[in-house]
Amino acid sequence: MSDILTHTEAGVMTVTLNRLERKNSLTSDMYAAMADALQHASDDASIRVVVIQGHETVFSAGNDIGDFLNKPPSGKDSPVFRFLRGIAAFPKPLIAAVCGPAVGVGTTMLFHCDLVYAGDNAAFSMPFVNLGLCPEAASSLLVPQMMGYHRAAEALLMGEPFMAEAAMEVGLGNPVLPPTEVNGYALTQARKLAAKPITSLIETKHLMKKGQMSAVLHQMDEEGARFGHMLREPAAREAFGAFMEKRKPDFSKL
Ligand code: COA
């Protein structure tokens with residue numbers, strides 16, 4: 001079965017991360033499939049709302065680390081950047097249903113979703129520094145805006161997980177629910193939105209986002225260039241090697 005499942009019914013496209021054996025970590029093929037799904041949803045007038053969901057035990061472990069080692073993204077047209085630009089500029093309502101770990105891009109993609117419903121087991125983290133990397137998905141711009149600088153610095157420099165209740169306090173997320181109810185609740189909300197006038201939804205979202213869209217896309221480009229460079233540097237190679245060998249990384253000589 002595919003690692004990304006899409007299903008469209010009654011104006012709602014559901015995109016399901018379906019790679020549970022690797023904790024829904026994302027490969028370049030998965031980014032490509034999600035970018036294509038978003039493009040299709042944007043172009044197809046019969047699709048009015050998109051829901052991105054994982055499993056009730058895990059949303060996503062972030063980028064597949066083996067993929068980072070073997071096929072690091074190169075260039076602005078690589079699948080990951082196509083997905084990130086697609087999610088940032090997606091014109092219709094976008095809902096995320098998040099349970100369990102949401103690591104790296106599993107968290108940063110949420111800053112581009114309009115509604116985020118989280119399970120009480122949701123654990124958000126952005127451990128880029130711990131991996132010898134830097135933030136992506138415009139998180140270096142959006143996280144300080146959302147959380148204030150000091151909480152953002154804690155989230156991005158320390159990279160430790162924070163739970164759904166703490167996320168809600170800083171404005172990341174809508175109601176926190178039991179994990180078994182999250183995907184169903186997100187779908188219910190999506191159906192409510194799909195019944196509303198689509199032009200009003202699109203205009204309202206556009207008006208809320210337009211003030212900083214170009215800054216977001218510019219920040220993504222700048223982060224992407226630095227991230228792409230850092231992926232090939234010794235600190236990231238050590239972090240990825242340590243993950244694959246199930247040991248602690250040693251940055252003491254770097
Ligand atoms: N890339 C590749 N494989 C991954 C992965 C990733 N990002 N995350 C998990 N996996 C693999 C594990 O290596 C493990 O494989 P194995 O069964 O061959 O040993 C399997 O998925 C299950 O993961 P495990 O770590 O045993 O699950 P867990 O429930 O104990 O922990 C996480 C879940 C998400 C907290 C943990 O897997 C994790 O921290 N993953 C790495 C996250 C990360 O650094 N992502 C990059 C962000 S840019």
Side-chain angles (χ1 to χ4, degrees), residues 1 3-4 17-34 52-74 78-81 83-84 87 96-112 118-140 142-143 152 155-164 166-167 172 179 182 219-220 223-251:
M1 206 187 294
D3 292 338
I4 296 292
L17 312 182
N18 182 45
R19 194 177 179 234
L20 208 45
E21 73 287 359
R22 283 281 174 272
K23 301 286 167 183
N24 288 341
S25 55
L26 299 170
T27 61
S28 56
D29 288 347
M30 292 165 77
Y31 287 120
M34 290 194 291
I52 300 180
Q53 65 184 19
H55 186 260
E56 63 193 48
T57 60
V58 62
F59 181 64
S60 172
N63 207 101
D64 183 288
I65 289 181
D67 240 34
F68 263 162
L69 277 168
N70 302 325
K71 293 194 259 176
S74 59
S78 59
V80 59
F81 296 129
F83 167 69
L84 292 177
I87 203 170
V98 184
C99 297
V103 186
V105 71
T107 288
T108 58
M109 73 167 85
L110 305 176
F111 302 122
H112 303 284
D120 55 21
N121 62 347
F124 305 91
S125 61
M126 295 175 280
F128 302 112
V129 166
N130 304 341
L131 294 167
L133 296 171
C134 67
E136 32 82 305
S139 54
S140 56
L142 298 173
V143 177
L156 285 168
L157 298 179
M158 301 300 290
E160 283 167 10
F162 50 100
M163 300 303 288
L172 170 58
V182 175
Q219 191 86 357
M220 264 186 191
E223 290 170 343
R226 290 166 196 262
F227 194 100
H229 175 73
M230 293 176 89
L231 270 176
R232 293 161 173 84
E233 292 288 294
R237 309 310 281 184
E238 166 60 13
F240 301 153
F243 179 80
M244 300 305 254
E245 291 158 22
K246 299 190 190 292
R247 62 172 172 81
K248 273 192 185 317
D250 176 6
F251 300 117

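Along the sequence shown, residues carry numbers from 1. Both ligands and their constituent atoms are indexed starting at 1 by order of listing.
Less than 4.0 angstrom separates atom 26 (O) of ligand 1 from none of the non-hydrogen atoms of the protein. Counting only heavy atoms, the protein never gets under 4.0 Å from atom 39 (O) of ligand 1. By the definition of a contact as any protein heavy atom under 4.0 Å away, atom 5 (C) of ligand 1 is in contact. Atom 30 (O) of ligand 1 lies below 4.0 Å from none of the non-hydrogen atoms of the protein.
Distance from atom 19 (O) of ligand 1 to its nearest protein heavy atom, with residue and atom name: K246 NZ, 2.6 Å. For atom 8 (N) of ligand 1, the closest heavy atom belonging to the protein is A61 CB, 3.4 Å. Among protein heavy atoms, the minimum distance from atom 23 (O) of ligand 1 is reached at K23 CG, 3.6 Å. Residue, atom and distance of the protein heavy atom nearest to atom 7 (N) of ligand 1 are N63 O, 3.0 Å. Ranking the protein heavy atoms by distance from atom 10 (N) of ligand 1 puts F243 CZ, 3.9 Å first. The nearest protein atom to atom 1 (N) of ligand 1, hydrogens excluded, is given as I65 N, 2.9 Å; this is a heavy-atom distance. Closest to atom 3 (N) of ligand 1, if we only count protein heavy atoms, is R22 CD, 3.5 Å. Of all protein heavy atoms, the one lying nearest to atom 20 (C) of ligand 1 is E21 O, 3.6 Å.
With N121 contributing its side chain and E56 its backbone, the two residues share a donor-acceptor pair below 3.5 Å. A donor-acceptor distance shorter than 3.5 angstrom exists from the side chain of H112 to the backbone of A137, with no hydrogens or angles considered. Side chain of S125 to backbone of G159: no donor-acceptor contact under 3.5 angstrom is found. When atom types are taken as modelled, the side chain of E238 and the backbone of P249 share no donor-acceptor pair closer than 3.5 angstrom. Panel note: side chain R232, backbone R237; no donor-acceptor pair is recorded below 3.5 Å.
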Report task. For D64 and M30, run side chain to side chain contact (heavy atoms under 4.5 Å, CB included): C-alpha distance rounded to whole Å, both residues' side-chain angles, the deciding distance at 0.1 Å, then the answer. Result -> CA-CA 10 Å; D64 183 288; M30 292 165 77; over 6 Å; no
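When the shell of 6.0 Å around CE of M158 is examined, it contains 12 or fewer heavy atoms from other residues, nucleotides or ligands.
Judged by the shortest distance from any of its heavy atoms, M244 lies outside the 4.0 Å radius around the atoms of ligand 1.
The D64 neighbourhood of ligand 1 comprises atoms 1 (N), 2 (C), with distances under 4.0 Å to a heavy atom of that residue. Under a 4.0 Å criterion applied to the non-hydrogen atoms of S25, ligand 1 contributes the atoms 1 (N), 2 (C), 5 (C), 6 (C), 7 (N). Here is the list of ligand 1 atoms found below 4.0 Å of a heavy atom in L131: 44 (O), 46 (C), 47 (C), 48 (S). Shown in contact with V103 at under 4.0 Å from a heavy atom are these atoms of ligand 1, numbered in order with element: 42 (C), 43 (C), 45 (N), 47 (C).
Across V105, L142, V98, a single residue satisfies side-chain contact (heavy atoms from CB on, under 4.5 Å) together with L110, and that is V98.
Separating the CG atom in D3 from the CG atom in N18 is a distance of 6.5 Å, to the nearest 0.5 Å.
In this structure, F68 has its ring center closer than 6.0 angstrom to the ring center of F227.
Using a 4.0 Å cut-off between charged side-chain N and carboxylate O, R226 and E233 make no salt bridge.
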